[in-house]
Participant: 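Input: one structure, supplied below.
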Amino acid sequence: MAQDNVSNNTIATKHRGRRTSFTEDHLKILTDTFNKTPYIGYASRQRLALETNTEEFTIQYCFQNRRTRHGFQKKSEPEEHLESSQNRDHAEEKIQSRNDRQPRIKYTWSQLHTLNKAFIGNNYPGRDSIEKLAKEIGVSESRVKVWFQNHRSSCCIQRKKEANEGLEQRQNQGQDLCDESLEGIEST
DNA sequence: AGACTAACGTAATCATCGG
DNA sequence: CCGATGATTACGTTAGTCT
């Protein structure tokens with residue numbers, strides 16, 4: 001479902017670059033850490049990235065995928081149905097990891113200007129573009145990825161909002177204008 | 001207090017790599 | 001070729017900052 005838009009929209013995903021292949025030692029470090037704490041904060045991600053000679057975002061993918069594949073916190077299952085003692089521990093870890101978030105960036109006007117310009121050109125930048133942008137504005141690639149994620153999302157919400165407002169206006173104005181106003185909604 | 005938005009969560013899926 | 005799993009997405013939530 002989520003992928004419908006994506007496949008229509010982008011070629012960027014066709015160029016995912018090389019996938020990381022962890023050595024046995026690194027895999028052991030990751031597995032041990034995951035078994036102890038499936039939810040880790042920013043500091044731990046950075047430390048693990050250093051230890052395994054990868055990027056902080058790679059560690060994030062690794063833990064995200066493991067949580068999903070180990071059946072952590074399935075939406076369909078209420079928490080009390082999971083193994084209780086383990087689950088309580090993970091809840092604490094989750095809170096702990098939340099308290100250890102990456103510090104929030106305050107983008108400058110010129111950084112935002114650069115990001116917006118790039119976004120207008122391409123909503124789904126590939127690796128090279130992300131790398132270039134990150135260098136240009138002086139933040140990490142993962143922050144650029146997150147900015148694009150959030151920006152796509154907020155643009156989508158904005159469009160829906162505008163479409164709804166247009167609909168309300170039309171309803172207020174009466175039914176006769178039906179055909180013309182439809183075009184207006186689609187162009188915004 | 002509420003709006004805005006960076007950071008982060010899950011679930012679904014794509015794509016690459018090794019057997 | 002196929003299974004395992006790293007990488008990416010949409011969408012929802014949490015929390016910091018500003019007005």
Side-chain angles (χ1 to χ4, degrees), chain A residues 1-24 26-31 33-34 37-46 48-49 52-79 81-82 87 90-109 111-116 119 122-131 133-134 137-162:
Chain A
M1 169 186 115
Q3 289 300 106
D4 289 348
N5 288 338
V6 177
S7 47
N8 289 340
N9 224 331
T10 179
I11 29 162
T13 53
K14 302 259 186 269
H15 303 282
R16 291 187 179 204
R18 292 194 92 72
R19 53 184 274 164
T20 308
S21 128
F22 293 110
T23 66
E24 262 185 48
H26 292 164
L27 220 48
K28 190 179 180 321
I29 294 172
L30 291 169
T31 306
T33 312
F34 180 81
T37 48
Y39 295 90
I40 53 171
Y42 178 54
S44 306
R45 281 203 307 275
Q46 277 201 315
L48 280 173
T52 59
N53 198 27
T54 54
E55 301 292 325
E56 176 249 328
F57 221 63
T58 308
I59 303 298
Q60 190 148 337
Y61 290 149
C62 174
F63 274 69
Q64 271 174 14
N65 284 325
R66 279 174 188 237
R67 281 197 300 268
T68 300
R69 284 161 189 158
H70 286 70
F72 279 85
Q73 191 82 40
K74 280 186 180 159
K75 268 185 179 170
S76 52
E77 292 175 44
E79 292 198 0
H81 289 169
L82 300 170
N87 192 50
H90 296 326
E92 277 168 25
E93 285 157 12
K94 220 170 169 178
I95 291 164
Q96 235 171 32
S97 76
R98 260 183 219 153
N99 292 335
D100 181 25
R101 288 186 158 209
Q102 178 161 184
R104 188 187 168 106
I105 288 176
K106 176 80 188 85
Y107 288 113
T108 63
W109 181 87
Q111 283 174 322
L112 284 174
H113 180 71
T114 305
L115 287 167
N116 274 309
F119 186 83
N122 183 6
N123 299 3
Y124 296 88
R127 284 210 156 181
D128 291 349
S129 314
I130 286 176
E131 196 183 337
L133 265 174
I137 65 173
V139 302
S140 69
E141 291 174 39
S142 62
R143 294 311 90 200
V144 175
K145 279 182 196 172
V146 167
W147 185 87
F148 271 81
Q149 279 171 16
N150 284 326
H151 205 65
R152 279 196 299 269
S153 192
S154 69
C155 284
C156 186
I157 290 166
Q158 189 64 31
R159 269 201 304 276
K160 280 179 186 166
K161 213 169 130 186
E162 281 169 12

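Reckoned from all heavy atoms, side chains included, excluding hydrogens, waters and symmetry mates. The structure displayed is predicted, hence computed values, not measured ones. A, B, ... follow the sequence lines: proteins, then strands. Residue 1 opens every chain.
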Participant: Give a yes/no on whether any side-chain N or O of A/Y42 is located under 4.0 angstrom from OP1 or OP2 of B/dA6.
Facilitator: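 Looking at the OP1 and OP2 atoms of B/dA6, neither is under 4.0 Å from any side-chain N or O of A/Y42.
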
Participant: Report the distance from atom SG of A/C62 to atom CG of A/L27, rounding to the nearest 0.5 Å.
Facilitator: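 That separation rounds to 7.5 Å.
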
Participant: Just wondering, are more than 12 heavy atoms of other shown residues or ligands nearer than 6.0 Å to CD in A/Q102?
Facilitator: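 Enclosed: over 12 neighbouring heavy atoms sit under 6.0 Å from CD of A/Q102.
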
Participant: Has A/Q149 got a side-chain N or O lying under 4.0 Å from the OP1 or OP2 atom of C/dA10?
Facilitator: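 Indeed not, no polar side-chain atom of A/Q149 lies that close.
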
Participant: Separation of A/I157 atom CD1 from C/dC11 atom P, in whole Å?
Facilitator: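 One finds 9 Å between P of C/dC11 and CD1 of A/I157, rounded.
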
Participant: Figure out the CD/P separation between A/Q102 and B/dA6, and round it to whole Å.
Facilitator: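 A/Q102 atom CD is separated from B/dA6 atom P by 12 Å.
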
Participant: Calculate the interatomic distance between A/Q60 atom CD and B/dG9 atom C1'; express it in whole Å.
Facilitator: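 After rounding, the gap between these two atoms is 9 Å.
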
Participant: Give one of base, sugar-phosphate or nothing for A/T58, where a contact means two heavy atoms less than 4.0 Å apart.
Facilitator: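 Sugar-phosphate contact only.
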
Participant: Does a side-chain N or O of A/T20 approach OP1 or OP2 of C/dA7 to a distance below 4.0 Å, or not?
Facilitator: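 For C/dA7, OP1/OP2 do have a side-chain N/O of A/T20 under 4.0 Å.
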
Participant: Using the ring of A/Y107 (Phe, Tyr or Trp, six-membered ring only), decide whether A/R143 places NZ or CZ under 6.0 Å from its centre and within 45 degrees of its axis.
Facilitator: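 Relative to the ring axis of A/Y107, which defines the angle, A/R143 lies outside at least one limit.
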
Participant: Starting at the 5' end of DNA chain B and moving along, which residue's nearest nucleotide shows up first, A/E56 or A/N65?
Facilitator: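 Whichever sits nearer the 5' end wins; that is A/E56.
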
Participant: Are the side chains of A/R67 and A/Y39 in touch, meaning some heavy atoms are under 4.5 Å apart?
Facilitator: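 The answer is yes, as the side chains (C-beta and beyond) meet within the 4.5 Å cut-off.
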
Participant: Return the nearest nucleotide to the side chain of A/Y39; candidates are C/dC11, B/dG9, B/dC8.
Facilitator: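 That would be B/dG9.
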
Participant: Please report, rounded to the nearest Å, how far the C1' atom of B/dC4 is from the CD atom of A/Q158.
Facilitator: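 Spelled out: CD on A/Q158 to C1' on B/dC4 is 11 Å.
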
Participant: Within a 6.0 Å radius of atom CG on A/D100, are there more than 12 heavy atoms belonging to other residues, nucleotides or ligands?
Facilitator: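 Yes, because the 6.0 Å sphere around CG of A/D100 holds more than 12 heavy atoms from other groups.
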
Participant: I need the CG-P distance between A/N150 and C/dT13, as an integer number of Å.
Facilitator: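 Whole-Å distance recorded here is 14 Å.
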
Participant: I'd like to know if A/R19 reaches the base of C/dT5 with its side chain such that a donor and an acceptor end up less than 3.5 angstrom apart.
Facilitator: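 Looking at the base of C/dT5, it does pair with a donor or acceptor on the side chain of A/R19 (distance under 3.5 Å).
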
Participant: A/Q64 CD to C/dC11 P: how many Å, rounded?
Facilitator: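 Rounding to the nearest Å, CD of A/Q64 and P of C/dC11 are 17 Å apart.
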
Participant: Any donor-acceptor pair, under 3.5 Å, between the side chain of A/R69 and the base of C/dG6, if you only look at N and O atoms?
Facilitator: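 Yes, the side chain and the base share a sub-3.5 Å donor-acceptor pair.
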
Participant: Round to a whole Å and report the spacing from CZ of A/F22 to P of B/dC17.
Facilitator: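 These atoms are roughly 14 Å apart.
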
Participant: If you define the side chain from C-beta out and look only at heavy atoms, does anything of A/L112 sit under 4.5 Å from A/W147?
Facilitator: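 A/L112 reaches A/W147 side chain to side chain.
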
Participant: With a 3.5 Å cut-off and no angle check, do the side chains of A/N123 and A/H151 form a donor-acceptor pair?
Facilitator: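 There is no such pair (donor and acceptor under 3.5 Å, judged by atom type) between the side chains of A/N123 and A/H151.
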
Participant: Starting at atom OH of A/Y61, determine the distance to atom C1' of B/dA15, rounded to an integer number of angstrom.
Facilitator: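 Taking OH of A/Y61 and C1' of B/dA15, I get 13 Å after rounding.
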
Participant: Below 3.5 Å between N/O atoms, which protein atoms pair up with nucleotides 15-19 of chain C? Just atom names and distances, please.
Facilitator:
from	atom 1	to	atom 2	distance (Å)
C/dG16	N2	A/R104	NH2	3.1

Participant: Check whether A/H113 reaches the backbone of A/W109 with its side chain - one donor and one acceptor, N or O, closer than 3.5 Å.
Facilitator: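 Pair absent, no side-chain N/O of A/H113 close to backbone of A/W109.
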
Participant: Counting the atoms with a prime plus P, OP1 and OP2 as sugar-phosphate, which does A/F57 contact under 4.0 Å by heavy atoms, base, sugar-phosphate, or nothing?
Facilitator: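 No contact.
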
Participant: Closer than 4.0 Å, any side-chain N/O of A/R66 to the OP1 or OP2 of C/dG6?
Facilitator: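 A/R66 to C/dG6 OP1/OP2: no side-chain N or O under 4.0 Å.
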
